[in-house]
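Taking it in order: structure first as structure tokens, then the write-up.
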Amino acid sequence: MVKICCIGAGYVGGPTMAVIALKCPEIQVAVVDISVPRISAWNSDTLPIYEPGLDEVVKKCRGKNLLFSSDVEKYVSEADIVFVSVNTPTKTQGLGAGKAADLTYWESAARMIADVSKSNKIVVEKSTVPVKTAEAIEKILTHNSKGINFQILSNPEFLAEGTAIQDLFEPDRVLIGGRETPEGQKAIKALRDVYAHWVPVDRIICTNLWSAELSKLAANAFLAQRISSVNAMSALCEATGADVSQVSHAVGKDTRIGPKFLNASVGFGGSCFQKDILNLVYICECNGLPEVANYWKQVIKVNDYQKTRFVNRIVSSMFNTVSGKKIAILGFAFKKDTGDTRETPAIDVCKGLLGDKAMLSIYDPQVSEEQIQRDLSMNKFDWDHPVHLQPTSPSSMKQVSVVWDAYAATKDAHGICILTEWDEFKTLDYQKIYDNMQKPAFVFDGRNIVDVAKLREIGFIVYSIGKPLDEWLKDMPAVA
């Protein structure tokens, strides 16, 4: 019987292993993590992450061929295939600070694997890692191998949060990179056989190690680039009176371009896009390619510009000050159907408003008050370290209240910012909300989900990204 162990019970490791267990009932799957509270949550009725469909998959397999444990060394030593899905945060100091990936957790995982292994193992990179990480890991394992053979594979994940289970059930592709040696090819086949239980073989792409590692960074960079491209167009649309939704619809009809990832918004978020592009920038710089590095840097610059532009639009619309004004923040997660707040644009927007002394009332159906308070007081890049190494949850910020109802958030507010495209925000009773707000009442739609004409009819002054500006806003510049 094949035994699989995954180090790291986070957004990637947990769902991926649960689906492998479901689709391969004859394989024993263990998910291990040094965080006891996280493992306890995986073993409880309330899983540590929210992902549609995940609950059902975990409950079907847990106690049969899927287990969650904090006994890391036991399950690593018994496994034939070890997935490593640990944090790879951006370095905050030293060489490559602000761009390079910090491989501290990866290196300690590799050393532990070497220490406890008594049999040959296939070690699979599952975290997003910089190109050539496999080579570094290989060196650590080989120099500490005690005669045991380790084969390193790169098997990057391409999951979208909110649809991760569906993405695992029916992936566009599964990518496996390995050494072009007989042993390397044998390891690739072993992993391919696991996925072939449910993924058509023509969707399992096998490459060399470097191609697999770079493909992950490239895929995320290309997706983020599309968002920054349409967001750059949204600024031009506002300046000229064009409608970005109409422009992106027309552009997306070109089959060479396609309609996906062309929705203008307040900016992209999530754990991968910014981190992977910074990583790509660093690799380009290290390889003497400054022009290529600058090209990708611009994708992040436009994303930051979009968030700054949004905050400036809010402040300038409201008589150039939000000091002491209650602003309702609807949505804090980086996108709908997830509770994930990593790199969410809401953090920068809220910090921008707090900098102008606004009073924020925040509502998100899936994000806890503790998480919001922590995000708003955390330094950049701290979020990607394990929770026990993050700053302890701060005492509540006086200017921030977190409520569990959109109507409570908007009561007596001067303005509303929609920062996550939760479906429930489309169907709120905006007449009721308007009646309970200070006047003039503003709506700043960072996701283009409201019916602008209807809201203006009610009496709101509406700013919707990339849409023709309300008369009120035309004389209010929003330059960064």
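Quick caveat: nothing in here was measured; it's all calculated off a predicted structure.
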Worksheet item: Per the side-chain contact (heavy atoms from CB on, under 4.5 Å) rule, which among Asp33, Val82, Val123 passes with Ile7?
Response: Val82

Practice prompt. Decide yes or no on salt bridge (charged side-chain N to carboxylate O under 4.0 Å, His left out) for Asp193 and Lys189, but give the supporting numbers first.
Written response: CA-CA 6 Å; Asp193 289 348; Lys189 183 182 181 304; 2.9 Å; yes

Please check if any side-chain donor atom of [X] sits under 3.5 Å from a side-chain acceptor atom of [Y], or the reverse.
| X | Y | value |
| --- | --- | --- |
| Gln371 | Asp375 | yes |
| Gln306 | Ser234 | yes |
| Tyr75 | Gln28 | no |

Discussion item. When you measure from the centre of the six-membered ring of Phe68, is the NZ or CZ of Arg62 closer than 6.0 Å and no more than 45° off the axis?
Written reply: no

Worksheet item: Looking at Phe169, does the NZ or CZ of Lys23 lie under 6.0 angstrom from its six-membered ring centre and within 45 degrees of the ring axis?
Response: yes

Residues [X] and [Y] bridged, charged N to O under 4.0 Å:
| X | Y | value |
| --- | --- | --- |
| Lys297 | Glu285 | yes |
| Arg374 | Glu370 | yes |
| Lys216 | Glu125 | no |

Worksheet entry | Side chain proximity check, Ile20 to Met17, heavy atoms < 4.5 angstrom | yes

Practice prompt. Give the intermediate values and the outcome of side chain to side chain donor-acceptor pair (under 3.5 Å) for residues Glu157 and Tyr11.
Written response: CA-CA 11 Å; Glu157 54 82 22; Tyr11 278 91; over 6 Å; no

Worksheet item: Can any side-chain N or O of Trp198 pair as donor or acceptor with the backbone N or O of Leu168 at less than 3.5 Å?
Response: yes

Worksheet item: Do Ile449 and Phe425 pass the side chain to side chain contact (heavy atoms under 4.5 Å, CB included) test, and can you show the C-alpha distance, the side-chain angles, and the key distance before you say yes or no?
Response: CA-CA 8 Å; Ile449 61 168; Phe425 298 155; 3.7 Å; yes

